[in-house]
Amino acid sequence: MKIDLTDTTAGEINKALVRGRRAIGTPAVGMVLTLVIVTDEENAYDSLKAANDASREHPSRTLVVIKRVSRSPRDRTSSRLDAEVRVGAEAGTGETVVLRLYGEAADHADSVVLPLLLPDAPVVVWWPVNAPLDPAKDPLGALAQRRVTDTYAAEEPVRELTARASAYTPGDTDLSWTRITPWRSMLAAALDQVTCEVKAVEVEGEEFNPSCELLAMWLADRLDVPVRRSLSSGPGLTAVRMDTSQGPIVLDRADGSLATLSIEGQPARAVALKRRDTAELIAEELRRLDPDDTYASALRYGVERLHTVPEQTAEASAEPVAEPEPVEEAAKAPAKKAAAKTAKKAPARKATAK
């Protein structure tokens, strides 16, 4: 069921939600959280589809906030709120309200969203694109227990990670981190199978993929070893190679779906490591509402530190080191030179005497 409201208010939207639930025969509210999606018209459809798919696991009230661009000075001074209320099959297993804010209303989106939040239920805010530099200080982000961004959608993903680290607040997370959950699980399981010491690691993947950087920072932070970042044509992460005291451990995924795990002394095995869609990623993030300390530690390790330490190590190892001259040979060198000069002069003095 879909109800369209033009130039409306938050009170009218709440009344429409009640009418919609009664019309489909489900007057009770059985939702566990409020998911606020802050996006634009271009990405609204894909984001809402992912949220509806995730609602099968997490029944929720989904509020889609779309700030419309005002082109003329008159439109900027005016204020209007249009809403589209969806219940039943139109909204997955929860409720959906699409909010389109015009003019000054776009600058006060938190005032519009606040009356529509489910009472006594956690709030999650998700920015599929154009996330603020400091999500916790954003007016909508301040309403939430968890704030989900996606640096993969940023124009400069690697630089965006640095901004995320400097502005991190407990409750922040990123879908680029969620994408590497299967990789982290598989690598941790591989190291549990052997007793060894990890000496160095190489992470291979696409150049502008923040998930590759996050995985490398996580390994460097947890293992305290040099981690080298190498490039490939993708898709996404393609391989992780660990040099250990018991031989190499390699997790290689060339096609984006099936990976091969190779451990020294064991037969290679195929493992499922497919690239997941956005619905699976957001569903995973909605499973936990507590701060992710592991993400915070990996993020604070720093992209700059990740890229500078291996390069310095490589330069130091590439410089030729001159072998020191033995002390005894160095001490005998002046004596040998003096003896050679004496030997050359001796025959001349002998010939003169005759």
Side-chain angles (χ1 to χ4, degrees), residues 37-40 42-43 46-47 50 126-135 147-168 172-184 186-187 200-222 226-242 250-259 273-282 284-285 292 294-314:
I37 305 174
V38 186
T39 183
D40 52 18
E42 181 182 356
N43 297 277
D46 293 334
S47 304
W126 171 32
W127 291 270
V129 293
N130 302 325
L133 292 178
D134 193 344
R147 296 164 292 276
V148 184
T149 57
D150 192 356
T151 53
Y152 189 80
E155 187 175 351
E156 297 182 357
V158 177
R159 182 176 295 181
E160 193 81 4
L161 289 177
T162 304
R164 292 279 172 266
S166 61
Y168 176 81
D172 293 352
T173 190
D174 197 276
L175 293 187
S176 296
W177 172 256
T178 316
R179 289 183 179 93
I180 62 174
T181 300
W183 284 84
R184 293 189 292 120
M186 195 62 62
L187 292 171
V201 180
E202 179 186 1
V203 176
E204 181 186 271
E206 292 176 328
E207 182 176 3
F208 300 107
N209 191 318
S211 295
C212 302
E213 310 294 336
L214 282 169
L215 182 61
M217 289 190 288
W218 174 71
L219 289 168
D221 179 53
R222 308 303 290 183
V227 177
R228 189 169 71 91
R229 175 78 167 86
S230 60
L231 304 181
S232 70
S233 57
L237 270 163
T238 51
V240 174
R241 303 176 183 89
M242 294 187 286
V250 180
L251 184 59
D252 190 355
R253 186 191 68 177
D255 60 355
S257 59
L258 191 65
L273 207 61
K274 72 179 183 71
R275 306 190 74 193
R276 300 180 295 169
D277 58 21
T278 307
E280 293 181 73
L281 299 176
I282 198 67
E284 179 183 328
E285 285 301 330
D292 192 340
T294 306
Y295 166 69
S297 181
L299 188 65
R300 286 171 176 158
Y301 183 87
V303 179
E304 295 82 3
R305 184 179 173 190
L306 176 70
H307 285 275
T308 55
V309 172
E311 289 176 2
Q312 292 175 355
T313 305

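- Salt bridge status for D221 with R305: absent, with no side-chain N to carboxylate O gap under 4.0 Å.
- Partners of N43 under the side chain to side chain contact (heavy atoms under 4.5 Å, CB included) rule, at least two apart in sequence or in another chain, are T39, D40, S47, V129.
- The nearest pair of heavy atoms linking D150 to P128 is CB-O, 4.0 Å.
- At least one donor-acceptor pair closer than 3.5 Å links the side chain of T238 to the backbone N or O of E204.
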Solution key, residues 154-162 side-chain donor-acceptor pairs under 3.5 Å, sequence neighbours excluded:
residue: E156; atom: OE1; partner: R159; partner atom: NE; Å: 3.1
residue: E156; atom: OE1; partner: R159; partner atom: NH1; Å: 3.1
residue: E160; atom: OE2; partner: R164; partner atom: NH2; Å: 3.0
residue: T162; atom: OG1; partner: E304; partner atom: OE2; Å: 3.2

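- D252 pairs by the side chain to side chain donor-acceptor pair (under 3.5 Å) definition with nothing, not counting sequence neighbours.
- The shortest heavy-atom contact between W127 and A131 is CB-CB, 3.7 Å.
- Remark: L133 CG is loosely packed, at most 12 non-hydrogen atoms of other residues, nucleotides or ligands lying under 6.0 Å away.
- A search for side chain to side chain contact (heavy atoms under 4.5 Å, CB included) contacts involving A50 returns W126, T278, A279, not counting sequence neighbours.
- By the salt bridge (charged side-chain N to carboxylate O under 4.0 Å, His left out) test, R276 is found to be paired with E284, residues two or more places apart in sequence or in another chain being considered.
- Contact between A167 and D134 at its shortest, heavy atoms only, is O-OD1, 3.5 Å.
- Rounding to the nearest 0.5 Å gives a distance of 9.0 Å between OG1 of T151 and CG of L299.
- S211 places a side-chain N or O within donor-acceptor distance of the main-chain N or O of S176, the cut-off being under 3.5 Å.
- Contact check for L251 versus L273: side-chain heavy atoms found under the 4.5 Å cut-off.
- Across all their heavy atoms, E202 and S230 have their closest contact at OE2-OG, 2.8 Å.
- A heavy-atom distance below 4.5 Å is not found between the side chains of M186 and V240.
- At least one side-chain heavy atom of L187 sits under 4.5 Å from a side-chain heavy atom of L219.
- For D292, the side chain to side chain contact (heavy atoms under 4.5 Å, CB included) test picks out W177, R288, T294, Y295, with sequence neighbours left out.
- The salt bridge (charged side-chain N to carboxylate O under 4.0 Å, His left out) search around D174 returns none, not counting sequence neighbours.
- In this view, R253 satisfies the side chain to side chain donor-acceptor pair (under 3.5 Å) rule with no residue, not counting sequence neighbours.
- At least one side-chain heavy atom of N209 sits less than 4.5 Å from a side-chain heavy atom of Y152.
- D46 contributes atom CG, which lies 11.0 Å from atom CG of D277 (distance to the nearest 0.5 angstrom).
- Closest approach of W218 and A298 over heavy atoms only: CA-CB, 3.8 Å.
- With sequence neighbours left out, E207 forms a side chain to side chain donor-acceptor pair (under 3.5 Å) with no residue at all.
- In terms of the salt bridge (charged side-chain N to carboxylate O under 4.0 Å, His left out) criterion, R222 has no residue partners (sequence neighbours excluded).
- The distance from the CD atom of E280 to the OG1 atom of T178 is 12.0 Å, given to the nearest 0.5 Å.
- In terms of heavy atoms, E213 sits closest to V303 at OE1-CG1, 4.3 Å.
- Under the side chain to side chain contact (heavy atoms under 4.5 Å, CB included) criterion, S166 pairs with no residue, sequence neighbours left out.
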